[in-house]
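All values below come from the heavy atoms of this structure, side chains included, with hydrogens, waters and symmetry mates left out.
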Amino acid sequence: MFSNPLVDLNELLLDELIRGLDIIEIDNFQNWEIDHVTDNSKNVKANSLFVAIKGFNVDGHQYINEAISQGAIAIIGEDKIENNKDFTYIRVKNSRKILAELVNRVYDNPSHKLRIIGVTGTTGKTTTSSMIDHIITDIVGSSGLIGTLYNKIGTEYLYDPTKCTTPDIITLNKFFTKMRESKTDYLTMEVSSHGLKLDRVWGVDYDVGVFTNLSYDHMEFHKSLEDYYQSKERLFRYLAEDKAAVFNLDDKYTNRLVKITEAKIYTYSIYNKHGDITAEDIKMNQNGLEFKISINRDIISNLGKMVHPTVLRLRTPLLGYHNIYNILAAFTTALILGFPLLKVKAALESFTGIRRRMEVIYDQDFTIIDDFAHNPASLTANFQTIKSFDYNDLIMIHFLKGRRGLQANRLNAQLIGKWAKRLNLADLITTRAEEEVIYKNKVLLEEEAVFTEIIRNKGINIKNTARLQEAIELALGKTKRNDLLLIIGGPGLDRAAELIREYL
């Protein structure tokens with residue numbers, strides 16, 4: 001998105017730059033003129049301030065000497081270090097938060113001048129964010145989006161698949177500033193648990209926080225479900241009392257979240273009839289969804305506009321029960337932002353979905369569906385949807401969770417095993433997609449082995465492949481008339497649809 005995580009300054013004096021920060025001690029203070037701020041030693045230039053951050057794999061304190069050799073004259077860090085008096089060392093409790101405060105200050109807090117919606121949860125973040133962005137664009141004409149698939153400002157797309165869902169605070173502030181310059185006022189962000197735990201969004205001024213759901217995922221990073229939850233919780237602790245929090249009332253974690261936020265609370269649900277906005281009379285098939293949206297109380301937007309209780313019917317080409325939740329979340333958010341009810345409905349009905357989210361890529365003599373589902377919650381949502389479809393046999397290409405630990409693949413295998421008979425699963429083909437993925441998504445052989453053992457013990461035909469193209473050729477060879485071919489899993493399958501179309 002912005003390749004250089006470096007803040008350029010105009011010879012700002014050090015005492016002005018650090019004034020008011022929570023500092024433990026300063027060694028060898030000199031009021032240097034600072035030209036740059038960065039947390040990456042490779043980006044250090046002459047007269048830089050380098051912020052040493054402790055990561056999970058890399059400790060920035062190990063690069064202090066390198067930063068000094070490249071021109072850093074001031075260092076911020078958490079550890080006590082020896083100083084030969086060639087530089088100023090500022091010790092703080094939390095380097096990440098200090099970096100965020102510095103960057104927000106230097107850029108003059110651009111997030112405060114935008115209307116920002118943050119969407120977090122285990123599943124539904126990408127689709128819900130895209131829906132909200134679509135509504136805003138449809139009504140206002142221009143909107144910004146930061147997410148898993150791409151980042152954009154208006155019609156300018158800034159796509160980089162090597163970047164994380166939630167960028168670092170320097171990149172975010174550059175993005176916010178660019179939005180201000182382009183006169184784009186609304187921004188929807190996917191806010192990942194990684195970004196929250198690592199304080200990448202510290203100081204970002206969210207107007208609305210949206211919670212979709214929470215279940216088992218990312219345990220290679222969080223180590224426990226409680227830690228995962230507490231990371232998500234941070235978004236709603238950030239919200240001030242004049243902001244809004246939108247919660248899925250059918251998710252059990254909402255009971256905890258409503259107790260910790262100071263924001264105005266709005267809820268949506270399907271099963272819990274106490275939701276502010278609910279879905280009723282649901283009809284679902286292979287052509288899409290149709291249901292009633294019931295607004296059960298006055299919804300007052302953060303612009304002071306009011307929507308009174310009413311019921312309206314919505315039709316969408318989107319597939320799956322889970323998309324009802326995504327629609328309700330986006331619908332509620334749009335009303336909170338003050339957009340007219342009927343325009344919101346029309347915008348949602350014109351939303352045709354996004355790539356690799358229950359995407360039908362072929363539907364003639366047989367059907368092919370491509371879905372990014374990769375954890376128990378998203379796999380369950382997929383299976384609940386396709387079980388009502390009319391087909392003969394199910395053929396599945398599945399990309400395992402690379403470098404996510406044995407437990408993640410064990411749980412997914414157990415879930416597929418439970419659904420196999422109900423879905424009429426005839427053949428399961430796994431792929432490591434070795435030519436498709438970057439290092440962090442490489443599937444380990446032991447991950448493949450634990451998944452395969454469980455599937456075989458369930459009596460399911462399984463074939464492991466190393467390359468995506470091999471998996472596709474095998475699957476297409478097994479798929480017969482009126483069958484369903486399901487492409488399911490994470491980034492190793494991102495080019496599957498493109499490759500399949502070359503055969504059809």
Side-chain angles (χ1 to χ4, degrees), residues 117-125 127-129 131-132 135 191 208-217 225-226 228-230 232-233 235-237 239 243-284 289-301 306-316 318-337 341 344-345 348 375-385 387-388:
I117 304 99
V119 181
T120 197
T122 301
T123 63
K125 292 191 302 296
T127 301
T128 300
S129 298
M131 283 181 181
I132 295 169
I135 293 168
V191 189
V208 183
V210 181
F211 172 71
T212 61
N213 51 63
L214 191 139
S215 59
Y216 186 97
D217 202 10
L225 191 58
E226 180 61 21
Y228 182 38
Y229 161 77
Q230 289 181 3
K232 296 289 189 185
E233 185 184 83
L235 175 62
F236 302 97
R237 289 191 181 276
L239 297 175
K243 308 298 185 179
V246 177
F247 295 125
N248 176 1
L249 198 56
D250 287 340
D251 191 279
K252 65 180 181 180
Y253 285 95
T254 288
N255 293 329
R256 296 176 64 179
L257 292 171
V258 296
K259 296 175 183 177
I260 60 91
T261 188
E262 295 181 356
K264 300 172 185 174
I265 294 170
Y266 301 84
T267 60
Y268 63 92
S269 58
I270 297 175
Y271 300 108
N272 191 323
K273 298 310 176 184
H274 296 291
D276 298 327
I277 295 179
T278 56
E280 303 168 356
D281 190 21
I282 297 168
K283 297 178 181 178
M284 178 175 63
L289 295 163
E290 182 178 343
F291 59 96
K292 291 179 181 177
I293 294 182
S294 178
I295 302 173
N296 301 314
R297 73 170 175 93
D298 288 338
I299 303 295
I300 304 175
S301 76
M306 181 178 292
V307 178
H308 298 293
T310 189
V311 177
L312 62 159
R313 193 155 196 90
L314 187 140
R315 297 176 180 83
T316 172
L318 300 184
L319 301 177
Y321 215 74
H322 58 288
N323 271 319
I324 301 173
Y325 283 108
N326 298 332
I327 289 169
L328 291 175
F331 182 84
T332 306
T333 301
L335 295 188
I336 292 168
L337 292 172
L341 175 63
V344 173
K345 174 182 179 292
L348 278 170
N375 54 41
S378 54
L379 288 171
T380 299
N382 179 290
F383 299 159
Q384 287 175 334
T385 300
K387 71 182 175 70
S388 63

Hey, could you give me the CZ/OG1 distance between F211 and T120, rounded to the nearest 0.5 Å?
8.0 Å
Close side-chain approach of E262 to L239, heavy-atom, < 4.5 Å
no
Can you name the nearest heavy-atom pair linking E290 to R313, along with the distance?
OE2-NE, 2.6 Å
Residue pair A377 / T123: nearest heavy atoms and the distance that separates them:
CB-CG2, 3.8 Å
Closest approach of N326 and G124, non-hydrogen atoms and distance?
OD1-CA, 3.5 Å
Output the distance between atom NE2 (H308) and atom CD1 (I299), rounded to the nearest 0.5 Å.
11.5 Å
In terms of heavy-atom contacts, does NZ of K252 have more than 12 from other residues, nucleotides or ligands at under 6.0 Å?
no
If you look at every heavy atom in M131 and L318, which pair is closest and at what distance?
CE-CD1, 3.3 Å
Could you walk me through whether I135 and T333 pass side chain to side chain contact (heavy atoms under 4.5 Å, CB included), step by step?
CA-CA 10 Å; I135 293 168; T333 301; over 6 Å; no
Under 3.5 Å: donor-acceptor pair, side chain of N296, backbone of G275:
yes
With the side chain counted from C-beta on, respond yes when Y266 and V208 share a heavy-atom pair under 4.5 Å apart, and no when they do not.
no
Are any non-hydrogen side-chain atoms of I277 and S294 less than 4.5 angstrom apart?
no
Sort out for me which residue in D250, T212, N213 forms a side chain to side chain donor-acceptor pair (under 3.5 Å) with Y325.
D250
Could you tell me if the side chain of I270 sits less than 4.5 Å from the side chain of Y321, heavy atoms only?
yes
Looking at CG of L289 and CZ of R315, how far apart are the two atoms once the value is rounded to the nearest 0.5 Å?
12.0 Å
Point-to-point distance, once rounded to the nearest 0.5 Å, from CD1 of I295 to OG1 of T332:
8.0 Å
Here the pair of heavy atoms bringing T267 nearest to H274 is OG1-O, 4.2 Å
I need the T127 OG1 to N323 CG distance, nearest 0.5 Å.
5.5 Å
With no hydrogens and no angle check, is any side-chain donor or acceptor of T128 less than 3.5 Å from a backbone partner on K125?
no
Kindly state whether the ring of F247 and the ring of F236 have centres lying under 6.0 angstrom apart.
yes
Could you give the distance from OG1 (T254) to CG (L214), rounded to the nearest 0.5 Å?
9.5 Å
Name all residues meeting the ring-ring contact (aromatic ring centres under 6.0 Å, His included) criterion together with Y229; count only those two or more places apart in sequence or in a different chain, and write none if there are none.
Y253
Walk me through whether S378 and N375 qualify under side-chain hydrogen bond (donor to acceptor under 3.5 Å, both in side chains).
CA-CA 6 Å; S378 54; N375 54 41; 2.8 Å; yes
What one should report as the nearest heavy-atom pair of A330 and L348 is CB-CD2, 4.3 Å
